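Structure, as structure tokens:
Below, all heavy atoms of this structure are taken into account, side chains as well, without hydrogens, waters or symmetry copies. Computed from a prediction, not measured in an experiment: that's the story for all the values here.
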Amino acid sequence: MKKILTLLMLLVSVGFAQSYHTIAIDGTNDFTPSTEGFVTTSGSHEDYWQTAYITWDATKLYIGYRGQTPNGALTDDNRIIQIYIDTDPQTSPTNGTGTTDGEAWRWDPTLPFTANYHYVFKTHDNSQFKRAYSSKGWNNASFTTQYNKNTSDKFWELSILLSDLGSPTKIYVCAYIEEDWNGGNISLGIPSDLFTNTNTQGSITFNNHWLGFNLVSGVTPNDGSNHDQALPVELTTFTAVGNGSEVV
């Protein structure tokens with residue numbers, strides 16, 4: 001009887017898991033809202049709406065946004081989309097090889113994990129800024145991306161080639177949108193508790209919250225277990241040396 005129950009539980013978990021999902025970067029929203037849609041820090045509001053999206057396949061990471069910011073469509077000419085990625089996530093999120101010191105644009109965040117990569121998209125001129133962190137600080141990088149901005153549908157999507165990020169199998173991610181003027185708001189953060197004071201000018205408090213993903217097939221991106229998930233460190237080498245009657 002126990003074996004039957006265990007098998008049924010396994011079948012149920014597999015049934016709810018999601019296979020790899022390849023997104024066509026063509027301006028059409030191919031994300032699945034029920035499994036790949038994320039509520040943002042802006043939540044629900046009678047004057048604007050918004051959803052963020054994340055998914056992946058065997059070769060690429062996909063991130064999207066659709067809707068309104070407090071000051072208009074997120075595809076308007078005065079938005080800056082910011083994405084931070086940690087490609088060597090640690091059980092303690094701030095112990096990786098990257099940095100918690102985000103790059104200053106209109107806002108200067110302290111990140112909830114040690115990010116290795118930073119991607120920026122400016123809707124004004126569709127310019128992209130790709131950055132990687134090293135012992136010398138944040139530097140220009142050349143990882144492969146593809147984007148599309150559908151102004152009529154207020155939709156933006158991005159793919160990032162994972163092999164250019166070192167082919168990670170686990171990542172931490174956070175993202176948000178800034179208004180591209182002095183004193184402009186910051187909003188649409190993911191996860192939904194990434195920061196507070198999103199709809200007023202002034203200081204923003206970044207909280208110790210993040211999204212953590214195992215980049216394998218059979219994972220549902222917006223499953224609640226991926227919020228603040230401390231991903232385990234993988235053992236890559238092991239050496240035993242004899243020392244008298246002990247093994248070191």
Side-chain angles (χ1 to χ4, degrees), residues 17-32 35-38 52-66 81-91 93-100 102-103 111-121 126-134 138-149 155-176 190-191 194 210-223 225-237:
Q18 175 174 293
S19 300
Y20 281 141
H21 187 191
T22 298
I23 301 296
I25 307 300
D26 56 3
T28 300
N29 188 356
D30 300 324
F31 290 95
T32 305
T35 57
E36 299 166 343
F38 291 81
Y53 305 93
I54 298 178
T55 195
W56 58 85
D57 59 22
T59 60
K60 294 178 180 179
L61 175 70
Y62 304 96
I63 300 176
Y65 270 106
R66 181 172 184 264
I81 301 172
Q82 307 265 5
I83 301 169
Y84 286 95
I85 303 173
D86 181 355
T87 53
D88 71 328
Q90 304 294 304
T91 303
T94 57
N95 284 352
T97 58
T99 180
T100 59
E103 294 195 271
L111 304 172
F113 51 71
T114 46
N116 301 99
Y117 294 93
H118 181 202
Y119 174 86
V120 180
F121 182 85
N126 298 332
S127 58
Q128 302 178 91
F129 298 84
K130 305 172 186 181
R131 308 279 282 168
Y133 185 80
S134 70
W138 286 107
N139 304 284
N140 291 331
S142 58
F143 49 90
T144 303
T145 62
Q146 183 181 0
Y147 74 86
N148 200 299
K149 184 180 71 173
F155 175 66
W156 174 88
E157 60 186 343
L158 171 78
S159 70
I160 301 176
L161 189 65
L162 290 170
S163 60
D164 286 351
L165 305 185
S167 300
T169 58
K170 307 172 188 291
I171 60 171
Y172 291 145
V173 178
C174 68
Y176 56 91
I190 49 173
L194 177 62
W210 67 91
L211 294 171
F213 303 109
N214 290 288
L215 301 180
V216 297
S217 184
V219 175
T220 300
N222 65 3
D223 187 280
S225 64
N226 295 327
H227 177 260
D228 289 358
Q229 173 174 292
L231 298 173
V233 178
E234 295 180 350
L235 183 65
T236 57
T237 61

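Every ring-ring contact (aromatic ring centres under 6.0 Å, His included) that H227 has, sequence neighbours left out, goes to H209. Not counting sequence neighbours, the partners of Y147 by the ring-ring contact (aromatic ring centres under 6.0 Å, His included) test are F121. Residues satisfying the side-chain contact (heavy atoms from CB on, under 4.5 Å) test with S127, not counting sequence neighbours, are K122, D125, F129. For D57, the side-chain contact (heavy atoms from CB on, under 4.5 Å) partners are Y20, T22, T59, K60, Y62, not counting sequence neighbours. Residues that satisfy the ring-ring contact (aromatic ring centres under 6.0 Å, His included) test with F31, not counting sequence neighbours, are Y53. For Y176, the ring-ring contact (aromatic ring centres under 6.0 Å, His included) partners at least two apart in sequence or on another chain are F206. In terms of the side-chain contact (heavy atoms from CB on, under 4.5 Å) criterion, residue partners of T99 (sequence neighbours excluded) are, by chain and number, D101, Y133, W138. For Q128, the side chain to side chain donor-acceptor pair (under 3.5 Å) partners at least two apart in sequence or on another chain are Y119, T145. Legend: residues meeting side chain to side chain donor-acceptor pair (under 3.5 Å) with E36, ordered by chain and number and at least two apart, are Q18, H21, T55. Every residue two or more places apart in sequence or in another chain that forms a side chain to side chain donor-acceptor pair (under 3.5 Å) with S225 is listed here: D223. Partners of T28 by side chain to side chain donor-acceptor pair (under 3.5 Å), not counting sequence neighbours: none found.
To the nearest 0.5 angstrom, I85 atom CD1 is 10.0 Å from H118 atom NE2. Rounding to the nearest 0.5 Å gives a distance of 10.5 Å between CZ of F143 and OG1 of T87. S217 OG to W56 CH2: the interatomic distance, rounded to the nearest 0.5 Å, is 9.5 Å. Separating the CD1 atom in I81 from the CD1 atom in I63 is a distance of 10.0 Å, to the nearest 0.5 Å. Here the straight-line distance linking atom CG of N126 with atom NZ of K149 works out to 4.0 Å at 0.5 Å rounding. Taken from CD in Q229 to CG in L211, the straight-line distance is 10.0 Å, to the nearest 0.5 Å.
In terms of heavy atoms, I190 sits closest to L194 at O-CD2, 3.7 Å. Considering every non-hydrogen atom in both F213 and P221, the closest pair reads CE2-O, 3.1 Å. When all heavy atoms of N214 and K170 are compared, the closest pair comes out as OD1-NZ, 2.7 Å.
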* Asked: Hey, mind stepping through L111 and D86 against side-chain contact (heavy atoms from CB on, under 4.5 Å) and telling me if it holds?
  -> CA-CA 10 Å; L111 304 172; D86 181 355; over 6 Å; no
Using a 3.5 Å cut-off and no angle test, enumerate the donor-acceptor pairs between side-chain atoms of residues 161-168 and protein atoms at least two apart in sequence or in another chain.
unit_1	atom_1	unit_2	atom_2	d
D164	OD2	T144	N	2.8
D164	OD2	T144	OG1	2.6

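Under a 3.5 Å cut-off, the side chain of N222 and the backbone N or O of F38 do not form any donor-acceptor pair. The closest donor-acceptor contact from the side chain of D88 to the backbone of T97 lies under 3.5 Å.
Between Y172 and W210, a ring centre-to-centre spacing shorter than 6.0 Å is recorded.
Counting heavy atoms from C-beta outward, E103 and Y84 have side chains that approach closer than 4.5 Å.
Under 3.5 Å, the side chains of N139 and R131 contain no donor-acceptor pair of N or O atoms.
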